[in-house]
2 protein chains.
Amino acid sequence: MNIGQVAKETGLNAKTIRYYEQIHLLQPAKRAANGYRDYSEQDLETLRFLQRARNAGFNIEECRQLLNLHQDKTRQSQHVKALVLEKAEHVATQIKELKIMHRHLLQLASLCQADEEPNCAILEELSEQHDTQEDKRHA
Amino acid sequence: MNIGQVAKETGLNAKTIRYYEQIHLLQPAKRAANGYRDYSEQDLETLRFLQRARNAGFNIEECRQLLNLHQDKTRQSQHVKALVLEKAEHVATQIKELKIMHRHLLQLASLCQADEEPNCAILEELSEQHDTQEDKRHA
DNA sequence: CTTGACCTTACAGTGACTGGAAGGTTTATG
DNA sequence: CATAAACCTTCCAGTCACTGTAAGGTCAAG
């Protein structure tokens with residue numbers, strides 16, 4: 001199967017698939033007589049695995065680990081779970097930080113008259129040292 | 001004031017300050033006789049403004065706009081507010097996506113026995129096509 | 001025979017820095 | 001006065017996960 005077809009089937013960009021090969025996340029694909037990459041059903045499954053793992057928020061290094069565990073017949077499932085839970089915690093932290101940022105932005109916006117005058121409390125807030133709610137929360 | 005001192009006072013890395021100059025986010029700093037960058041109190045304020053804006057989640061391009069508005073005496077405050085609200089919405093979207101990812105990860109983790117056996121429902125989940133809650137939500 | 005849709009490689013660019021090399025300057029100490 | 005450390009300078013490369021572009025080879029249809 002040519003790379004374009006594989007791209008369609010997996011939802012990955014053809015460029016992305018070549019890139020995964022380049023960084024050795026994937027074994028080099030077999031080549032047809034004309035030099036085109038030729039993918040097997042097995043390759044397709046690996047690619048789909050990667051697509052889902054990336055989609056679930058794992059970065060390339062984590063995908064590499066997951067793929068190794070996936071292909072390791074002597075793996076222990078607790079290792080897989082540990083990886084997933086660690087990732088979940090990381091995502092939770094990111095959510096918290098973004099929520100703080102979101103509150104901060106809404107608070108900034110609420111300060112502004114939003115008219116045709118140049119006076120803007122947002123810019124003042126960014127210019128000066130203030131004890132905002134956020135600052136207090138972080139202190 | 002030397003760049004190292006400025007870095008300490010603003011919380012920005014000295015490298016970052018040079019980088020901001022390089023991409024013309026900042027005017028080139030005055031130079032002392034020895035060639036060292038020499039910062040004024042005014043420069044410090046601009047840097048602090050940038051530090052807070054970056055910290056609030058604005059990217060470099062947005063910081064550039066904010067800085068322009070900051071220095072534009074004929075600005076209209078509604079333009080500033082529009083920028084902030086747009087950013088807030090973007091952040092809200094990011095939070096939603098991360099929450100979906102978080103639920104997905106916890107669901108994955110809950111499937112796994114977490115023992116010394118190789119059987120792992122997480123890897124199965126990533127290997128196969130499933131109608132997960134998320135898939136339904138997106139459909 | 002040509003057009004267009006594929007495929008190939010290789011290199012550059014993204015964003016926002018960070019690290020490192022190679023060298024000049026300043027300050028503190030023996 | 002020598003030297004070491006802690007600064008400063010520029011320039012180039014690397015990060016992450018791709019994406020874009022150029023320059024070219026291949027294939028199927030009309």
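Labels below follow one simple rule: chain letters A, B, ... track the order of the sequence lines, proteins then strands, and each chain is numbered from 1.
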Would you tell me if any nitrogen or oxygen in the side chain of Arg37(B) comes within less than 4.0 Å of OP1 or OP2 on dT9(D)?
yes

Who pairs with Arg64(A) by side-chain hydrogen bond (donor to acceptor under 3.5 Å, both in side chains), at least two apart in sequence or on another chain?
Glu61(A)

Atom CD of Glu61(B) to atom P of dA16(C): distance rounded to whole Å?
8 Å

Val80(A) vs His70(A) side-chain heavy atoms within contact, under 4.5 Å
no

Would the distance check show the side chain of Lys30(B) and the main-chain N or O of Asp38(B) forming a donor-acceptor pair, the cut-off being under 3.5 Å?
no

Would you mind reading off the distance between Asn55(A) atom CG and dC18(D) atom P, rounded to a whole angstrom?
11 Å

Which residue lies toward the 5' end of DNA chain C, Tyr36(B) or Phe58(B), if each is placed at its nearest nucleotide?
Phe58(B)

For the pair Glu97(A) (side chain) and Gln94(A) (backbone), establish whether a donor and an acceptor sit closer than 3.5 Å, ignoring hydrogens and angles.
no

Nearest-Å distance, CG (Asp38(A)) to C1' (dT26(D))?
15 Å

Reading DNA chain D from 5' onward, which residue's closest nucleotide shows up sooner: Asn2(B) or Lys15(B)?
Asn2(B)

Per atom distances to the Ile60(A) side chain, the nearest of dA17(D), dC7(C), dA16(C) is dA17(D)

Rounded distance (Å) that lies between atom C1' of dC17(C) and atom CG of Leu47(B):
15 Å

Send over the distance from Arg31(B) CZ to dT25(C) P, rounded to a whole Å.
14 Å

With a cut-off of less than 4.0 Å, is there a side-chain N or O of Thr16(B) near OP1 or OP2 of dA16(C)?
no

More than 12 non-hydrogen atoms from neighbouring residues, nucleotides or ligands closer than 6.0 Å to CD on Gln5(B), yes or no?
yes

Please say which of Thr16(B), Ile17(B), Leu25(B), Asn55(B) ends up in a side-chain contact (heavy atoms from CB on, under 4.5 Å) with Leu50(B).
Leu25(B)

Give the residues of residues 17-30 of chain B touching DNA chain C, defined as any heavy atom closer than 4.0 Å, sorted by residue number.
Tyr19(B), Tyr20(B)

The side chain of Asn34(B) is closest to which nucleotide in this list: dT26(C), dT18(C), dT9(D)?
dT26(C)

I need the CD1-C1' distance between Ile3(A) and dC18(D), as an integer number of Å.
14 Å

Go through Ser40(A) and Asp43(A) one step at a time and tell me if the side chain to side chain donor-acceptor pair (under 3.5 Å) criterion holds.
CA-CA 5 Å; Ser40(A) 67; Asp43(A) 294 329; 3.2 Å; yes

Which whole-number value in Å describes the distance from Gln5(A) CD to dC6(C) C1'?
12 Å

